Engineer: 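Quick one: the structure is below, questions incoming.
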Amino acid sequence: MPELPEVETIVRALAPRLTGQRIAGLRFLARRARRGRVPELRGRQIRAVRRYGKYILIDLDRGMLAVHLGMTGRLLWNGRPGPYTRAVLRLTGQDAVLFDDPRQFGGIRYGFAPPAGLGPDALEISESEFLDRLLGRKGRIKALLLNQRFLRGLGNIYTDESLFRARIHPRAPVGRLSRERARALYRAIRDVLSEAIAAGGSSVSDYITPEGAEGLFQFDHRVYGRAGQPCLACGTPIRRIVVAQRGTYYCPRCQLL
DNA sequence: TGGAATGTTCGGCT
DNA sequence: AAGCCGAACATTCC
């Protein structure tokens, strides 16, 4: 569910509330939610909350928590615990952050560095680095953009939206992209992600902000979830296919192979 | 009822 | 070796 814009929105909401606070306890209500060992955290101070790709990092005075929301995870500020509450981070005082996650694809781990092995952040990478990394890669462009070791932050929605804006077919072989197309893709990724953050993310099924608000970017989707509806650029019905084992939306006329 | 859903990871194959 | 595929994880909603 949450991709870079959703995670960024969550981080922006939580950072001012959590920074400087002390932890009263972190309790797991589902075994699966705890990934790896987590020491006793009572008394630790939260130094910062930041985004790392799709991860939410909570920097402590010693160590850090890395929260991944998987498909259906939510972080809720002072919410009421429910059947899908998998963890509760209590602060001294009465504030708490709930980790709700019906499907339990998400989880929380403790460590001293951000998760290893991920590529540059989709919003921080420079154009030249993006082009360099693309060079020599094989396979289909959509699979590459979804690969977090190549670039961190993009998921299914924003990959489709970026490819549409760059007029690139999701099945296009990376090696056959012209430099011009590759630059258009870089631009499209930046634009889509920035616009989505400004809109507070996309609420298509589960995503809400820590305060329970929905994002608005789903109303600006040009292809994602629009199968059969006319392309906003040319009127051709948007098509749904499967690429990299994910439902993929594109315009068969604007995005030629 | 089967299929699909915003994600990651692992094992096996080419 | 890189990339691809299917499966697994767990649950809800058509």
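Order of the sequence lines sets the chain letters (A, B, ...), proteins ahead of strands, with each chain counted from 1. Since the structure is predicted, the reported quantities are computational estimates derived from the model, not experimental observations.
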Engineer: Starting from P on B/dG7, measure out to CD1 on A/I157 and report it in whole angstrom.
Structural biologist: 7 Å
Engineer: Rounded to the nearest angstrom, tell me the gap between atom CG in A/N147 and atom C1' in C/dA1.
Structural biologist: 14 Å
Engineer: Do the side-chain N or O atoms of A/K138 get closer than 4.0 angstrom to the phosphate oxygens (OP1, OP2) of C/dA1?
Structural biologist: no
Engineer: Report yes or no: do A/I189 and A/V174 belong to one cluster of Ile/Leu/Val/Met/Phe/Trp/Tyr joined by side chain heavy-atom distances under 4.5 Å?
Structural biologist: yes
Engineer: I want to check one thing: is the phosphate of B/dA5, taken as OP1 and OP2, less than 4.0 Å away from some side-chain N or O of A/R240?
Structural biologist: yes
Engineer: May I ask you to evaluate whether A/H68 reaches the phosphate of B/dT8, defined as a side-chain N or O under 4.0 Å from OP1 or OP2?
Structural biologist: yes
Engineer: Need the pair for C/dA10. Rule: Watson-Crick or G-U wobble, both distances under 3.5 Å, any strand; none if unpaired.
Structural biologist: none
Engineer: For A/Y250, run the side-chain contact (heavy atoms from CB on, under 4.5 Å) check against A/Q255, A/K142, A/R222 and tell me which one passes.
Structural biologist: A/Q255
Engineer: In whole Å, I'd like the distance from the CE atom of A/M71 to the P atom of B/dA5.
Structural biologist: 8 Å
Engineer: Could you list, one pair per line, each protein nitrogen or oxygen that sits under 3.5 Å from a nitrogen or oxygen of nucleotides 5-9 of chain C, together with the distance?
Structural biologist:
residue, atom, partner, partner atom, Å
C/dG6, N7, A/Q245, NE2, 2.5

Engineer: What pair of heavy atoms forms the shortest contact from A/F164 to A/A233, and how long is it?
Structural biologist: CZ-CB, 4.3 Å
Engineer: Between C1' on B/dA5 and OH on A/Y249, what's the gap in Å once rounded to a whole number?
Structural biologist: 9 Å
Engineer: Rounded to whole angstroms, how far apart are CG on A/L151 and P on B/dT8?
Structural biologist: 12 Å
Engineer: Roughly how many Å is it from CG in A/D100 to C1' in C/dA10, rounded to a whole number?
Structural biologist: 15 Å
Engineer: Are any non-hydrogen side-chain atoms of A/Y55 and A/L118 less than 4.5 angstrom apart?
Structural biologist: yes
Engineer: Return the value, rounded to whole Å, for the distance between atom CG of A/L146 and atom P of B/dA5.
Structural biologist: 13 Å
Engineer: Assess whether side chain to side chain contact (heavy atoms under 4.5 Å, CB included) is satisfied between A/R183 and A/L131, documenting all intermediate values.
Structural biologist: CA-CA 7 Å; A/R183 294 185 64 181; A/L131 296 176; 3.9 Å; yes
Engineer: Determine the Euclidean distance between corresponding P atoms of C/dA7 and B/dG2; express it in Å to zero decimal places.
Structural biologist: 16 Å
Engineer: Give a yes or no on whether A/R34 atom CZ has more than 12 heavy-atom contacts from other residues, nucleotides or ligands under 6.0 Å away.
Structural biologist: no
Engineer: Between A/R86 and A/L144, which residue's closest nucleotide on DNA chain C lies nearer the 5′ terminus?
Structural biologist: A/L144
Engineer: With a non-hydrogen cut-off below 4.0 angstrom, is A/G247 in contact with a base, only sugar-phosphate, or nothing?
Structural biologist: sugar-phosphate
Engineer: Let me know the distance between OH of A/Y158 and C1' of B/dG7, rounded to the nearest Å.
Structural biologist: 15 Å
Engineer: Polar-atom pairs under 3.5 Å, protein N or O versus N or O of nucleotides 9-14 of chain B: list them with distances, or write none.
Structural biologist:
none

Engineer: Under 4.5 Å between side-chain heavy atoms, hopping through other hydrophobics if needed: is there a path connecting A/V11 to A/L14?
Structural biologist: yes
Engineer: Is it the case that one hydrophobic cluster holds both A/L146 and A/V223, taking links as side-chain heavy atoms less than 4.5 Å apart, direct or via other members?
Structural biologist: no
Engineer: What verdict does the side chain to side chain contact (heavy atoms under 4.5 Å, CB included) test give for A/F130 and A/L185, after you've listed the backbone C-alpha separation in whole Å, the side-chain angles of each residue and the deciding distance to 0.1 Å?
Structural biologist: CA-CA 10 Å; A/F130 180 78; A/L185 178 56; 4.0 Å; yes
Engineer: Taking only side-chain nitrogens and oxygens of A/R137, does any of them come within less than 4.0 Å of OP1 or OP2 of C/dA2?
Structural biologist: no
Engineer: Compare all side-chain heavy atoms of A/T85 with those of A/L76 and state whether any distance is below 4.5 angstrom.
Structural biologist: no
Engineer: Please measure how far the P atom in B/dA5 lies from the corresponding atom in C/dG6, and state the result in whole Å.
Structural biologist: 15 Å
